[in-house]
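Every number for a ligand or one of its atoms is a count from 1 in the order of the listing.
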Amino acid sequence: MIKPILLSTPHMGDRELKFVQEAFETNWIAPVGPHVDAFEQEFCQVVGAGYAAAVSSGTAALHLALRLVGVESGDEVFCSTLTFIATANPIIYQGAKPVFIDSDRTSWNMNPELLQEALEYCDRIGKLPKAVVLVHLYGQSADIEPILKACNQYDIPLIEDAAEALGATYKGHSPGTFGRIGIYSFNGNKIITTSGGGMLVSEDTQLVTKARFLATQARDPSPHYQHSEVGYNYRLSNVLAGIGRGQLHVLHERVAARRRNFEIYASALENLPGIEFMPEANYGRATRWLTCLTIDPKAFGADREQVRIALSKQQIESRPVWKPLHLQPVFAECECFGGVVAEDLFAHGLCLPSGSNLTHKDLERVVDGITAIHYNN
Ligand SMILES: *Cc1c(COP(=O)(O)O)cnc(C)c1O
């Protein structure tokens with residue numbers, strides 16, 4: 001049996017278990033406790049955020065973010081189209097409608113000029129969105145400054161979905177810390193994981209306090225159970241926060257390992273005809289959470305799907321780049337500004353195994369697999 005090589009798997013350091021043990025020994029087996037507080041503080045230090053609330057998932061953090069900036073039923077919310085569906089689902093939870101914005105080719109993230117045009121157009125017809133949700137894809141920051149400028153011009157809050165971009169930089173700072181609210185994910189496939197979990201950050205202490213309040217069933221201060229608003233059960237477990245504290249210690253190593261994966265893939269494959277790697281934009285440093293490339297079938301001799309299937313037969317898991325949300329049946333009724341760039345990246349884009357725990361031998365197997373497909377076609 002050959003060993004399967006998976007896309008992105010959890011990679012524990014050597015402190016996580018000690019923190020979990022501490023939670024057991026002190027009986028803080030609850031969605032509150034010292035690890036939760038410490039994880040929030042330590043996370044703020046790592047990303048340079050003012051305040052943070054640890055929650056049960058990145059999706060929960062996004063839902064809270066939309067609620068906190070006042071997104072309500074009937075509102076429209078701008079959203080990157082090239083992303084995982086979790087970016088947009090919370091817009092629907094709020095009864096609002098996503099309007100999608102296409103990517104640019106230099107970063108694969110939201111095109112700032114297109115956003116500016118879309119806002120100008122919506123302003124002219126008197127239908128501005130209530131918020132903009134900006135995704136930082138595959139470990140690379142979007143071009144935040146012009147996007148923030150466009151949002152500020154129309155006084156629209158920017159929510160940053162940095163679920164895939166923890167450890168990346170934009171002009172020296174962490175994506176997720178520029179907008180009104182930023183969110184991160186610690187799902188099992190992300191660069192660090194708590195098995196499941198998320199973080200909401202903001203410079204506004206009141207906003208983060210309100211996030212914690214909403215995440216704990218919106219319980220008013222009172223000896224009995226008193227509620228004046230609808231809340232959620234979204235807090236992170238103290239046990240899982242312990243895992244998160246351990247993982248934060250190795251974040252830099254995880255980034256280095258994923259960038260090393262990319263370097264090995266790129267040096268071995270970038271000269272093959274028809275192969276192009278996701279570019280690294282010059283304004284920051286990507287983590288290469290996933291190494292992604294595009295395949296031009298004419299030049300390469302096989303298309304994205306043929307490559308994916310051939311690798312899969314060798315027990316190597318690869319995945320197509322996210323299917324744009326404006327092409328998803330569930331969002332069939334939603335508008336999209338542009339769309340051809342994201343469509344093209346989906347048609348030709350493939351994500352390679354990218355875990356920080358891959359060995360040189362694993363990477364070699366992937367490289368050899370792809371090289372063989374080219375030479376056999
Ligand atoms: C993983 C992910 C999320 C959701 O995070 P969960 O913790 O899985 O809820 C949101 N947005 C993007 C872009 C993601 O990749």
Looking at [atom], what's its closest protein heavy atom, distance included?
atom	result
atom 1 (C) of ligand 1	K190 NZ, 1.6 Å
atom 15 (O) of ligand 1	E164 OE2, 2.6 Å
atom 5 (O) of ligand 1	S185 OG, 3.2 Å
atom 8 (O) of ligand 1	N187 ND2, 2.9 Å

Looking at ligand 1, is there an atom of it that comes within less than 4.0 Å of some heavy atom belonging to A61? no

4.0 Å heavy-atom contact, H136 with ligand 1
no

Any heavy atom of T59 under 4.0 Å from ligand 1? The part involved is both

Using a strict 4.0 Å threshold on nitrogen-to-oxygen distance, state whether [X] and [Y] make a salt bridge.
X	Y	answer
R67	E229	yes
E16	K18	no
K130	E76	no
E40	R245	no

Any donor-acceptor N or O pair under 3.5 Å, side chains [X], [Y]:
X	Y	result
R258	S8	yes
D220	S222	no
H136	E164	no

Need the ligand 1 atom indices (1-based, order shown) with element for anything under 4.0 Å from a heavy-atom of [X].
X	value
A86	3 (C), 4 (C), 10 (C)
G197	7 (O)
S57	7 (O), 9 (O)

Sequence neighbours left out, cut at 3.5 Å: what donor-acceptor pairs do the side chains of residues 249-257 make with other protein atoms?
residue : atom : partner : partner atom : Å
R254    : NE   : H11     : O            : 3.3
R254    : NE   : H11     : ND1          : 3.4
R254    : NH2  : H11     : O            : 3.2
R254    : NH2  : M12     : O            : 3.4

Of N189, I183, D161, the residue with the heavy atom nearest atom 11 (N) of ligand 1 is D161

Heavy-atom proximity to atom 3 (C) of ligand 1 ranks first, among A163, P90, A162, for A163

### Query
Purely on distance, is any nitrogen or oxygen of T83 under 3.5 Å from one on ligand 1?
no

Those residues at least two apart in sequence (or on a different chain) that pass side chain to side chain donor-acceptor pair (under 3.5 Å) with R308 are E305

